[in-house]
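One structure is given below, encoded as structure tokens.
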Amino acid sequence: MTDAPAPQSGRVVKRSIVIAGHRTSVSLEDAFWRALKEIAAADGVSLAALTARVDAGRGAANLSSALRVFVLERVMASRAPASGTLDPPEGRLPA
């Protein structure tokens with residue numbers, strides 16, 4: 001039996017974040033906000049600093065999409081074998 005996600009994990013939450021001195025709004029599902037907070041804590045940075053790091057490397061992607069892909073890549077990298085077969089694509093932030 002697997003653990004089911006929390007019922008509210010798919011609920012979209014809009015938050016304001018300051019990136020490089022500019023306030024912007026980001027809409028993400030609650031599950032992604034929780035994952036980003038965990039990643040930021042593990043990396044020893046604030047959520048705003050982590051978001052700014054993703055923003056700096058996102059290219060033409062919108063910020064919400066870039067954050068979702070970042071979380072997915074971190075999860076996949078954490079499950080990858082030690083051989084490093086899941087290298088981040090060109091232009092993506094390392095995990």
Side-chain angles (χ1 to χ4, degrees):
M1 184 171 171
T2 61
D3 292 333
Q8 296 187 20
S9 64
R11 176 179 59 108
V12 175
V13 178
K14 188 174 192 174
R15 298 198 179 164
S16 291
I17 292 186
V18 177
I19 300 173
H22 295 85
R23 183 177 289 286
T24 188
S25 294
V26 180
S27 296
L28 291 173
E29 293 76 10
D30 190 49
F32 283 103
W33 284 119
R34 287 193 319 267
L36 284 167
K37 287 178 187 177
E38 289 178 16
I39 293 168
D43 289 359
V45 298
S46 68
L47 181 59
L50 179 65
T51 303
R53 203 168 79 191
V54 172
D55 182 55
R58 71 183 165 109
N62 78 40
L63 183 55
S64 294
S65 294
L67 289 166
R68 286 185 191 96
V69 170
F70 174 78
V71 168
L72 176 62
E73 288 177 346
R74 281 291 291 256
V75 168
M76 290 174 63
S78 72
R79 294 180 179 178
S83 65
T85 58
L86 292 178
D87 292 332
E90 288 276 330
R92 301 298 313 170
L93 292 172

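Remember, predicted model here, so these are calculated numbers, not experimental data.
A side-chain contact (heavy atoms from CB on, under 4.5 Å) with I39 holds for exactly one of V75, V54, L47, L50; it is L50.
Heavy-atom minimum distance, S25 versus S16: OG-OG, 3.8 Å. The shortest non-hydrogen separation linking S27 to K14 is OG-CG, 3.5 Å.
With rounding to the nearest 0.5 Å, the separation of OG1 in T51 from CZ in F70 is 9.0 Å. Atom CG of L36 and atom CZ of R68 lie 10.0 Å apart (nearest 0.5 Å). Of the inter-residue distances, the one linking E73 atom CD with M76 atom CE reads 7.5 Å to the nearest 0.5 angstrom.
Counting heavy atoms from C-beta outward, D55 and T24 have side chains that stay 4.5 Å or more apart.
Considering only residues two or more places apart in sequence or on other chains, V18 meets the side chain to side chain contact (heavy atoms under 4.5 Å, CB included) condition with R23. The side chain to side chain contact (heavy atoms under 4.5 Å, CB included) search around A41 returns none, not counting sequence neighbours. Judged as a side chain to side chain contact (heavy atoms under 4.5 Å, CB included), and not counting sequence neighbours, S78 has no contacts.
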For this session: Please report the C-alpha distance between L28 and V71 in whole Å, then the side-chain angles of each, then the deciding distance to 0.1 Å, and finally whether the side chain to side chain contact (heavy atoms under 4.5 Å, CB included) criterion is met.
Result: CA-CA 11 Å; L28 291 173; V71 168; over 6 Å; no
